[in-house]
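The structure appears below as structure tokens.
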Amino acid sequence: QSALTQPPSASGSPGQSVTISCTGTSSDVGGSNYVSWYQHHPGKAPKLMIFDVSKRPSGVPDRFSGSKSGNTASLTVSGLQAEDEADYYCSSYVGRIYVFGTGTKVTVL
Amino acid sequence: EVHLVQSGAEVKKPGESLKISCKASGYSFTNYWIGWVRQMPGKGLEWMGIIYHHDSDTKYNPSFQGLVTISVDKSINTAYLQWITLKASDTAMYYCATTQDGSYSWPEWGQGTLVTVSS
């Protein structure tokens with residue numbers, strides 16, 4: 001099972017929006033309702049930001065939203081803030097195992 | 001509140017064995033999963049495998065099958081990740097995570113265990 005494909009980097013100024021894509025196949029992202037997104041500051045524990053494609057855990061700001069179209073899932077961060085600068089990973093449940101995306105470094109300019 | 005605490009950093013030599021742990025607290029039931037994730041230096045997150053606390057059902061990602069062993073001691077709510085023969089390429093940060101059965105996302109994570117393998 002190969003890693004899902006994400007752009008290596010994305011950036012935006014404070015207050016702007018950034019959207020990160022996560023591309024797989026019909027066997028993983030396209031065929032799964034279980035796509036989640038994690039924010040990771042290096043050296044710290046990853047944090048769940050979106051689950052089941054578009055649901056937000058309690059405590060996650062509504063600036064974070066998720067969606068899916070075909071084999072590509074997306075995470076949008078609206079109203080960028082300095083603390084949003086981090087690595088972001090998508091993850092999909094694929095036939096009894098999980099797979100991460102390649103990761104996207106989000107920079108707040 | 002569910003909480004995961006991982007064992008401390010390890011420095012080992014190639015060829016040595018190692019077992020790191022992840023202790024769960026706050027669960028009032030046994031039907032939950034523990035997963036292990038690797039992050040090699042400068043690289044992304046990789047799922048290694050998951051284990052069901054209730055019956056020790058274990059699923060390995062193909063890249064890690066046969067290279068590591070995931071186990072659980074139900075009596076002390078602790079999951080383990082074990083290597084028989086470490087290699088320098090096992091140098092990485094290892095995270096454990098947990099979720100309830102029926103959930104397919106991982107809301108709780110351990111603090112990470114840094115494993116350094118060097119001669």
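Fair warning: this is a prediction, and the values are worked out from it, not measured in the lab. We name chains A, B, ... by the order of the sequence lines, and we start the count at 1 in each one.
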Shortest non-hydrogen pair, A/P46 vs B/L45, comes out as CG-CD1, 4.1 Å
- request: Return the minimal non-hydrogen interatomic distance between A/R96 and B/K59, and the atom names on each side.
  value: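 That would be O-CD, 2.8 Å.
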Margin query: What verdict does the side chain to side chain contact (heavy atoms under 4.5 Å, CB included) test give for A/I97 and B/Y60, after you've listed the backbone C-alpha separation in whole Å, the side-chain angles of each residue and the deciding distance to 0.1 Å?
Written below: CA-CA 7 Å; A/I97 63 172; B/Y60 293 94; over 6 Å; no
Quick check for you: to the nearest 0.5 Å, what is the distance between [X] atom [atom1] and [Y] atom [atom2]?
X	Y	atom1	atom2	result
B/E46	A/Y89	CD	OH	9.5 Å
B/S105	A/I50	OG	CD1	10.5 Å
A/T102	B/K43	OG1	NZ	11.5 Å
A/F51	B/Y104	CZ	OH	13.5 Å
B/W109	A/K44	CH2	NZ	16.0 Å

Please answer: with hydrophobic residues joined when any side-chain heavy atoms are less than 4.5 Å apart, are [X] and [Y] in the same cluster?
X	Y	value
B/I34	A/Y34	no
A/V53	A/F64	yes
A/V106	A/V60	yes
B/Y94	B/L18	yes
A/V108	A/V77	yes

Could you tell me how the ring of B/W106 sits relative to the ring of A/Y98: parallel (under 30°), tilted (30 to 60°) or perpendicular (over 60°)?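 The rings of B/W106 and A/Y98 stand perpendicular, inter-plane angle above 60°.
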Honestly, the part of B/E108 sitting under 4.5 Å from a heavy atom of chain A is neither
The interface call for B/S63 against chain A, heavy-atom contacts under 4.5 Å, is neither
**Request:** Compare all side-chain heavy atoms of A/H40 with those of B/Y95 and state whether any distance is below 4.5 angstrom.
**Result:** yes
Among B/Q39, B/Q111, B/M48, the residue with the most heavy-atom pairs under 4.5 Å to chain A is B/Q39
Cut-off 4.5 Å, heavy atoms of chain B, and the answer for A/Y93 is side chain
